Chemist: 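Please find one structure pasted underneath; my questions will follow.
First the proteins, then the strands, lettered A, B, ... as listed; each starts at 1. Treat the numbers as computed from the prediction; the structure is a model and nothing was measured. Side chains are part of it too, since the values below use all heavy atoms of this structure and drop only hydrogens, waters and symmetry mates.
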There are 2 protein chains.
Amino acid sequence: MAIHTRLTERLNIEHPILNAPMGGAAGGRLAAAVTAAGGLGLIGGGSSDAQWLTHEFAEAGNARVGCGFITWALATRPAVLDVALAHAPVAVMLSFGDPRPFAPAIKAAGRLLICQVQDMRHADAALDVGADIIVAQGTEAGGHGARRATLTLVPEIADLLAQRSPDTLLVAAGGIADGRGLAAALMLGADGVLVGSRMWASPEALVHRNLQDAALANDGDATLRQSAGDIARGAAWPAEFTGRVLRNSFTDRWAGKEDALRAVAEELRPAYLQSVADADADRIAVYVGEAIGLMDALVPAGDSIRAMAAQAEELLMSRAARAER
Amino acid sequence: MAIHTRLTERLNIEHPILNAPMGGAAGGRLAAAVTAAGGLGLIGGGSSDAQWLTHEFAEAGNARVGCGFITWALATRPAVLDVALAHAPVAVMLSFGDPRPFAPAIKAAGRLLICQVQDMRHADAALDVGADIIVAQGTEAGGHGARRATLTLVPEIADLLAQRSPDTLLVAAGGIADGRGLAAALMLGADGVLVGSRMWASPEALVHRNLQDAALANDGDATLRQSAGDIARGAAWPAEFTGRVLRNSFTDRWAGKEDALRAVAEELRPAYLQSVADADADRIAVYVGEAIGLMDALVPAGDSIRAMAAQAEELLMSRAARAER
């Protein structure tokens with residue numbers, strides 16, 4: 001028994017679960033583990049570094065995986081898309097920016113085009129470029145995102161797809177870390193889910209244990225959206241996309257004071273980058289979502305995928321039985 | 001057939017659905033309509049005005065209803081609680097503030113105590129005062145609330161209750177306007193839902209048609225959290241509780257510029273209150289949630305309740321059938 005959806009059929013996978021292609025964190029080892037467990041693994045080509053990407057595709061071995069890009073960053077190094085396509089990814093996901101410059105090449109290469117969106121305007125843009133799959137990402141997600149919540153964004157986009165493009169699949173992202181979230185997403189009209197924080201807190205993720213331990217020690221109240229981390233690092237994120245991070249000394253000092261930080265960021269950058277290198281979880285932006293409140297230990301990615309699917313299936317069956325009484 | 005949960009049993013109702021006791025908007029007529037449709041109606045005693053409350057209990061007639069208070073406002077007129085208790089409400093809901101001064105009287109009167117919470121700290125406080133039911137309200141909710149999203153807050157509080165107080169019931173609020181949201185909430189571990197915006201956009205709500213029409217004409221992207229409306233009106237809301245409102249000329253001018261507004265609020269107040277009296281949907285804070293994107297027409301409250309229950313039941317049954325293949 002398993003949960004069959006249009007997503008499992010279209011991707012030819014066992015469980016309707018993808019990992020978020022978290023830039024720098026979702027390498028080939030994580031993607032391969034997700035695929036091996038029955039989901040679809042996505043390598044996070046966030047930084048658009050060709051050498052890194054080539055290395056991570058190699059780390060994935062022969063696993064059937066896809067990859068994802070930060071669209072505005074890819075626009076600064078567009079040739080990296082060709083590097084990805086040369087590896088024949090199952091799918092290419094574009095997030096955070098205008099998909100128009102890249103969608104044609106992805107589709108021409110015969111790859112599935114996944115567009116991650118944060119609001120209705122983005123969803124329209126994704127349909128305009130012929131996205132095969134739309135990932136609706138809510139504000140509870142870790143890392144970069146925007147303002148809409150998963151619980152309303154998913155059904156609202158489901159209604160849009162029903163009207164405008166019924167064959168486009170829908171995946172829910174943001175706040176989903178266990179089978180409850182998966183089952184809820186299916187009820188909202190999603191065909192599957194994309195999971196970030198739960199995959200980030202796995203031994204396969206390219207994340208320092210210090211950061212994982214700091215996140216796992218906290219509950220879900222301990223995150224907030226800010227742009228201070230991007231300013232400190234010198235990353236040119238568009239203003240509409242803030243990053244959800246763990247509350248710590250860094251955010252106490254700078255979150256909400258982004259303008260003040262901007263004035264001194266260059267001066268502070270060497271120290272900030274040293275703290276990044278040191279994996280000092282108190283002094284840097286630690287990108288995780290509200291779902292850390294649903295997690296208390298590092299778990300191998302494959303174990304999480306299988307547990308999510310089993311729990312969701314059990315919930316769907318038992319709740320239906322109760323509805324029937 | 002119907003959806004049976006611990007909430008329907010405890011409240012002796014047919015559908016696990018409560019209306020949000022929206023201050024000023026959820027009067028006796030709305031509460032009675034919700035109860036008549038098989039949910040539990042709650043009168044919104046937000047402003048803590050004894051005369052208004054007495055009038056609205058009369059409007060509810062013989063319907064079995066409860067009522068809700070804005071806790072910090074009730075603290076300024078604590079005697080209004082006695083007015084409510086004299087009407088033998090099924091339950092009294094406390095939101096936004098310290099429940100300790102009021103919980104003992106509610107429980108001593110034999111009424112169910114409902115505490116609405118916005119984060120884990122609030123949930124602990126609700127358990128400390130012996131709440132019978134906790135409403136976990138996510139940031140996608142209309143009107144006042146805080147930062148956590150429904151999708152993560154509900155399961156995290158479910159885990160807390162399982163550990164600390166298994167007999168306390170859990171209700172999800174924020175972003176729920178149809179059967180998809182109800183079914184999702186049940187998957188997340190809730191025993192039922194509390195519905196604001198969908199009830200606000202009903203003919204029974206004490207809301208001017210101008211405001212309802214303005215909200216219904218927009219999608220879910222068109223709301224934001226702010227405190228400008230409270231400052232303009234002169235309401236002393238604690239800083240942690242912002243209000244989700246419709247984006248309009250008022251929020252374009254003042255949302256995010258609350259400090260500047262504070263400096264001129266007294267001067268602008270007469271004009272603002274005149275706009276409130278005129279129900280000018282472009283010049284005042286219009287308190288609605290992201291769920292407006294799931295609604296396109298004014299619907300009688302009872303019809304919405306019945307449709308939500310039927311849709312949720314159908315989803316639970318059909319998804320389970322598909323999981324079984």
Side-chain angles (χ1 to χ4, degrees), chain A residues 1-5 119-121 138-141 147-160 172 174-189 219-225 289-294 312-325, chain B residues 1-5 119-121 138-141 147-160 172 174-189 219-225 289-294 312-325:
Chain A
M1 293 216 306
I3 295 174
H4 296 278
T5 71
D119 60 28
M120 299 309 293
R121 184 173 51 82
T139 191
E140 47 272 72
R147 302 183 321 115
R148 291 293 306 271
T150 306
L151 191 65
T152 64
L153 185 60
V154 170
E156 191 171 346
I157 293 183
D159 289 340
L160 173 71
I176 298 163
D178 59 24
R180 294 176 291 190
L182 168 55
L186 297 177
M187 291 294 122
L188 295 174
D219 69 22
D221 292 356
T223 74
L224 71 164
R225 289 212 155 272
E290 288 190 5
I292 59 170
L294 305 174
E313 188 180 348
E314 196 276 334
L315 279 169
L316 290 166
M317 302 300 292
S318 66
R319 268 292 175 187
R322 269 187 277 178
E324 214 170 359
R325 283 191 321 186
Chain B
M1 293 216 306
I3 295 175
H4 296 277
T5 71
D119 60 28
M120 300 308 294
R121 185 174 51 82
T139 190
E140 48 271 71
R147 302 182 321 115
R148 291 293 306 272
T150 306
L151 191 65
T152 63
L153 185 60
V154 170
E156 191 170 348
I157 293 182
D159 289 341
L160 174 71
I176 298 163
D178 59 24
R180 294 175 292 190
L182 168 54
L186 297 177
M187 291 294 123
L188 295 174
D219 68 23
D221 292 356
T223 75
L224 71 164
R225 289 212 155 272
E290 288 191 3
I292 58 169
L294 305 175
E313 189 181 348
E314 195 277 333
L315 280 170
L316 290 166
M317 303 300 291
S318 67
R319 268 294 173 185
R322 269 187 278 178
E324 215 171 359
R325 283 191 320 186

Chemist: Considering only heavy atoms and a distance below 4.5 Å, find which of A:Thr152, A:Asp221, A:Asp119, A:Leu151 pairs most often with chain B.
Modeler: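 When all of A:Thr152, A:Asp221, A:Asp119, A:Leu151 are compared, A:Asp221 has the most.
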Chemist: Do A:Met187 and B:Leu316 come within less than 4.5 Å of each other through their side chains, counting heavy atoms only?
Modeler: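 With C-beta onward as the side chain, the pair touches.
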Chemist: Contact part of A:Leu182 toward chain B, heavy-atom cut-off under 4.5 Å: side chain, backbone, both or neither?
Modeler: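 For A:Leu182, neither part sits under 4.5 Å from chain B.
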Chemist: I'd like to know if the side chain of A:Arg148 and the backbone of B:Gly220 have a donor-acceptor N/O pair within less than 3.5 Å.
Modeler: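 It does hold such a pair.
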Chemist: Go through the structure and list residues passing side chain to side chain donor-acceptor pair (under 3.5 Å) with A:Arg225, not counting sequence neighbours.
Modeler: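 Expected list: A:Thr139, A:Thr242.
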Chemist: Any idea which heavy atoms bring A:Leu294 and B:Glu156 closest together, and the distance?
Modeler: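 Heavy atoms of A:Leu294 and B:Glu156 come nearest at CD2-N, 3.5 Å.
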Chemist: Among residues at least two apart in sequence or on other chains, which ones pass salt bridge (charged side-chain N to carboxylate O under 4.0 Å, His left out) with B:Glu140?
Modeler: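 With sequence neighbours excluded, B:Glu140 shows a salt bridge (charged side-chain N to carboxylate O under 4.0 Å, His left out) to no residue whatsoever.
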Chemist: For the candidates B:Asp219, B:Asp178, B:Val154, B:Ile176, which exhibits the highest count of non-hydrogen atom pairs separated by less than 4.5 Å from chain A?
Modeler: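 Most pairs with chain A among the choices: B:Asp219.
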Chemist: How close do A:Glu290 and B:Ala149 get, heavy atom to heavy atom, and via which atoms?
Modeler: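 Closest approach of A:Glu290 to B:Ala149, heavy atoms only: OE1-N, 3.1 Å.
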